Amino acid sequence: MDRIIEISSVFVDLFNSSAGNQASSDESDVPIPVQLQEITEDYIQKILTACCSQQAAGVQGFQSGSAVGSSGLRVNEFKPNLDWFNCTKPLLFNKDLKGKLVLLDFFTYCCVNCLHILPVLHSLQQRFTCEDGLIGVHSAKFPNEQQSLNVHHAIEKYSIEHCVVNDTDGTMWNDLAVCCWPTLVLIGPNGEPMLVVQGEEFHSQLLPTFIETALQILRQASMISSHDIPEIIPGRTTLQSLTSGKQSSATKQHLLYPGKVFAYTKKLKKRKNNSDETLNNSNLNYRHHGKILIAIADSGHHRIVVCTLQGRVKHVIGGGGIGHLPSTIKKGFKDGNFTEALFHSPQGICFQNSHILFVCDTENHAIRMIDLKDKTVKTVAGNGKKGRDKYGGQMWNSQILNTPWDVVYYKRKARPQYQQQYTPQPYIPNQNFQQLQPSPFVPTPSPVRCLLIAMAGLHQIWALYLDKTSTSTCSSMKSKWCSKGLCTMVAGTGKEENRNNSYNGQRASFAQPSGLCLTKPSSRIGSGLNGSDPSLYIADSESSSIRRMYLDSMGKFRVLNVAGGSPDPTDLFSYGDIDGGAGANSRLQHPMDVAWNYKRNILYVADSYNHKIKYVTGLSDSHKQNHYNNGGGNTTTGGIPGSTGGSVHTLPLPVKLNEPNGLHFIENPQDGSSLLLIADTNNHSIWVYNFDTYVIKKLQLEFPKILESSPSNVVGTAQIRLNRRTGGQLMLRGRVILGCSSETEISQTIEEPHLNWTLQLPDSTWESKEIKSNTSLPAVKGAVADFKYLIRIPKQEWEEKADENSENSTSKDGNRRWNDKYNPDFENESDEDSEDESDDEEEIVILRCQTSVCQDDDKCVPVEFDFVVRVRYGDEENTPQAADTYFPYTLPYNSGKKLLNKASSEINSPVSTYSLDSSVELTNNKSAPTTLTSNN
């Protein structure tokens, strides 16, 4: 087998070089040269001859030819009693697969390189029949991956439709001398190995060309059988726990394999009082003036869900906008509004402010920006194709990315020099003390606004700069300016290793970084520059370690070890479940995310394959640290250099997790409690753990009846302002008029349209009473149907009680409030990212009417139109407590045959009246009875 692997390697290199530049894993339409076709045919003829002539007696992993009715080298059968997926029974080479060309894909579901192969296998499955044979051989790296139920979750998560066998002991792996993931082995019709392809770096046309050529040659030799394999059924399995019906279908869940979770506190600031003087900040407690927005990467449904802490869903982006009826097949790569946009297995997610959200669209290899105000999705980096560029340097979406898995928003403002630096002078004899001379001021660090990206596919950390900045501000170095939109690598060589470096992060190496979080800068006295720079903690999944990268203003980005991993940078198999000292004294198993507790300086770790949440305490903030692979060591870390001190513990939780992939720490602005959000991926759940009460609750999503109002459906819009302190009442009323766009009368044979009304309120605290709403409209020109709803709006709680243990921007323990993935440096300065945080919190009320009109030819046309009221709040004494909105709307016809549904562009056009004769009346019922009419 070693000889076959060697010959295959030579052929693959020859194919790649002859085909030109190596393309991506996507299938290319470029025709293969005739010379390359001849090379492939010649190789197939020779490899078949070699396999048939070579005797297998005594060769480990192979059986003799006489056992299968022919001579030569033959692959052993799979071990009995293995679990098979997308198949109802085990398949045998000597029976079911006899006369078939079988492609074995040796993979492990944690490996990002194995995920890159899946599009290639999918294209092969579409091009060739299932009977031609495609079997995934799952050969686990981690103990957790040996469990068949976890393999089943991975198959469902990644939509794998070909047969998969869970080779728990790696028997077939050893028989075929496989040594890396992924490895593809093509088996001939008599069980002979024909081709071995290692890794993902091969030409996109290699496998299709080879399989098609081999089928032609083997059919001419009458070696290919056309019999069916009825046992191959996607979705079926031999796993008893699933066939017995004990496992519930995950497709019934609101969430399907959620990847990451993120929360953002939207602060609400008071307006000025009547004397035009700003309220005294010392009397305000900002912890009580905010709302939490939670963003969830619903990876299995290919969408983003934005909700409140109570579970009220505000937005659903992508996935077709179905809401509580999601789909697993509506995926793709498309920008647009929330209902048009498409994602493919989104993972990392972070807020820049309360309305700008960045998403790692992982399998589209792109960074997407979501605007919650404009309700649009835009691609800011990547173009949907997987790249191999390890350095970057292109602008915005001109830069091709490779499997971005997590993202954080990092901001550093230009900080003034608070402390004079002194430089020791040479010793001079006959002096009692060493003279200190003031050194020149350290240059002010350049401001930075960027996205830090965990590029899992390239094993690197990248940055997308949102403003022009310099990468170095040290006077001894030449400043390198980064333009706005520049996307580039900032740390990692691209080698899959666990290598740290205390001098330059670009010389460090990572192994599939999958989770990121930021710390706050230290403000210790004497640390210079008003404190040390913040750090980026990295969940390095394949090395089973946690790494720390210092975001120093010098642009060095040193990388150190925190917990787990091995002193050997090439050892990626040091994993386990051991608490204790940091560094090699602790063991993790494929951690997927990290979160920073800014109140107690504790790092939380999603120890995914141990199904636990762990935390690291006692982390040092010193810059004088050793690191793995560079010598040194200490007794507190087991003699292993590179640890930043501290110890690892398991967080006791009353629930059983299943491969948690996401974490986020945040403080509740209502009561100051500390919360940890957990994305329990394989349980399809989001948990909220309260550190103050030790209570964990499942986030129950509440999808509204009307999730989003499409602009084309809106036929009337009103905007009102009510008193926040007292709440108020809203009268929503109007009239629907049946009209005709021409002089032709409406046919009397048309059935009366039935009106189905649906009122959507912002949340369950709002109350409504239906006073009148006609459910039918006579089929007569000028017929009317009135509607009237009384809505009671609750008062918005606004605490003014000052916390006796905190100041306006300080938590109970005296630390500033920071977000572990949103790190604005020096909050007291003006910040354009926070300019939206005001008391103008907008709530939306939607009244939808659904009907259908049957025309002369007995065809019914469905109709749907919305009336929208936007409610804002104020604190002024003269702010009204009640409002009245009136919407007249004409439902037009076209000669009694076609219904006209006007678009929003017509409604919102800058003309004196609505194009559909819709006007809005606002009546202030508290003050003078003045009627305000808006005709635009």
Side-chain angles (χ1 to χ4, degrees), residues 260-268 285-296 307-311 350-351 408 515-523 534-535 537 539 546 593-607 612-619 621 646-655 657 660 662-680 685-699 797 799 801-824 827:
K260 305 293 184 182
V261 60
F262 189 89
Y264 182 88
T265 301
K266 183 174 182 179
K267 297 179 181 178
L268 303 178
N285 183 5
Y286 284 93
R287 295 187 329 174
H288 299 277
H289 303 147
K291 294 184 177 181
I292 291 181
L293 286 179
I294 298 177
I296 304 170
C307 65
T308 65
L309 185 61
Q310 292 73 32
C350 74
F351 280 95
V408 296
L516 304 175
C517 75
L518 285 167
T519 68
K520 70 179 185 67
S522 173
S523 57
S535 296
Y537 284 102
I546 304 299
D593 206 1
V594 284
W596 179 253
N597 184 336
Y598 46 82
K599 299 175 69 175
R600 298 187 178 182
N601 292 337
I602 295 176
L603 181 70
Y604 298 101
V605 179
D607 196 2
K612 296 179 179 179
I613 304 300
K614 297 192 175 183
Y615 62 98
V616 186
T617 59
L619 291 174
D621 211 15
S647 57
V648 180
H649 314 269
T650 298
L651 182 67
L653 295 175
V655 295
L657 305 178
L663 287 180
H664 189 82
F665 178 87
I666 197 167
E667 183 179 359
N668 189 345
Q670 300 300 323
D671 56 12
S673 59
S674 300
L675 306 177
L676 183 66
L677 306 180
I678 305 171
D680 194 4
S685 304
I686 303 295
W687 297 97
V688 181
Y689 179 70
N690 191 318
F691 287 98
D692 295 351
T693 61
Y694 305 104
V695 173
I696 188 169
K697 294 183 179 180
K698 184 177 180 179
L699 184 65
E797 296 294 337
E799 302 275 353
K801 179 182 177 181
D803 186 20
E804 58 186 12
N805 295 326
S806 63
E807 296 180 358
N808 57 349
S809 63
T810 307
S811 59
K812 292 181 179 180
D813 54 3
N815 291 326
R816 281 177 172 263
R817 288 183 185 82
W818 299 89
N819 192 312
D820 64 347
K821 294 191 178 182
Y822 172 76
N823 186 1
E827 290 180 323

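Predicted, not measured: the structure shown is a model, and the values here were computed from it.
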Checklist entry - Where do Thr308 and Lys291 land on the side chain to side chain contact (heavy atoms under 4.5 Å, CB included) test, with the steps shown first? => result CA-CA 8 Å; Thr308 65; Lys291 294 184 177 181; over 6 Å; no

Item to check | Heavy-atom closest pair, residues Asn601 and Tyr598 | outcome: OD1-O, 4.1 Å

Checklist outcome for this item: Heavy-atom closest pair (Asp593 atom, Gly515 atom, distance to 0.1 Å) is OD1-CA, 3.5 Å

Item to check | Which residues share a side chain to side chain contact (heavy atoms under 4.5 Å, CB included) with Leu293, sequence neighbours left out | outcome: Val306, Phe351

Item to check | Step-by-step side chain to side chain contact (heavy atoms under 4.5 Å, CB included) determination, Tyr537 to Leu516 | outcome: CA-CA 6 Å; Tyr537 284 102; Leu516 304 175; over 6 Å; no

Next on the checklist: Give me the atom names and distance for the closest heavy-atom approach of Leu699 to Gln310.
Outcome noted: CD1-C, 4.4 Å

Next on the checklist: Could you work out, with side chain to side chain contact (heavy atoms under 4.5 Å, CB included) as the rule, every residue matching Lys698, not counting sequence neighbours?
Outcome noted: Ser685, Trp687, Gln700

Next on the checklist: Quick check: do Leu653 and Ile678 have side-chain heavy atoms less than 4.5 Å from each other?
Outcome noted: yes

Checklist outcome for this item: Across all chains, not counting sequence neighbours, the ring-ring contact (aromatic ring centres under 6.0 Å, His included) partners of Tyr615 are His649

Item to check | Nearest non-hydrogen partners of Gly672 and Asp692, listed with the distance | outcome: O-OD2, 4.1 Å

Next on the checklist: Strictly distance-based, threshold 3.5 Å: is any side-chain N or O of Ser674 a donor or acceptor partner for the main-chain N or O of Glu667?
Outcome noted: no

Checklist entry - Would you say the side chain of Thr617 lies within less than 4.5 Å of the side chain of Leu619, judging by non-hydrogen atoms? => result no

Item to check | Trace of the ring-ring contact (aromatic ring centres under 6.0 Å, His included) decision for Tyr689 with Phe691 | outcome: CA-CA 6 Å; Tyr689 179 70; Phe691 287 98; 5.0 Å; yes

Checklist outcome for this item: Rounded to the nearest 0.5 Å, the NZ atom of Lys260 sits from the CD1 atom of Ile296 at a distance of 14.0 Å

Next on the checklist: Quick one, Trp596 with Phe665, criterion ring-ring contact (aromatic ring centres under 6.0 Å, His included). Give me CA distance, side-chain angles, the key distance, then yes/no.
Outcome noted: CA-CA 6 Å; Trp596 179 253; Phe665 178 87; 9.5 Å; no

Next on the checklist: Walk me through whether Ile294 and Val261 qualify under side chain to side chain contact (heavy atoms under 4.5 Å, CB included).
Outcome noted: CA-CA 7 Å; Ile294 298 177; Val261 60; 3.8 Å; yes

Item to check | Distance, nearest 0.5 Å, that separates CG of Asn668 from CG of Leu309 | outcome: 5.5 Å

Checklist entry - Can you name the closest pair of heavy atoms from Ala679 and Ile686 and give their distance? => result CA-CD1, 3.7 Å

Checklist entry - Can Ile696 and Asn690 be said to form a side chain to side chain contact (heavy atoms under 4.5 Å, CB included), step by step? => result CA-CA 6 Å; Ile696 188 169; Asn690 191 318; over 6 Å; no

Checklist entry - Please walk me through it: do Asp607 and Lys612 pass salt bridge (Lys or Arg N to Asp or Glu O under 4.0 Å)? => result CA-CA 5 Å; Asp607 196 2; Lys612 296 179 179 179; over 6 Å; no

Checklist entry - Do you know the tightest heavy-atom contact between Ala595 and Leu663? => result CB-CB, 3.9 Å

Next on the checklist: Contact between Val616 and Ile546 at the side-chain level, heavy atoms closer than 4.5 Å - yes or no?
Outcome noted: no

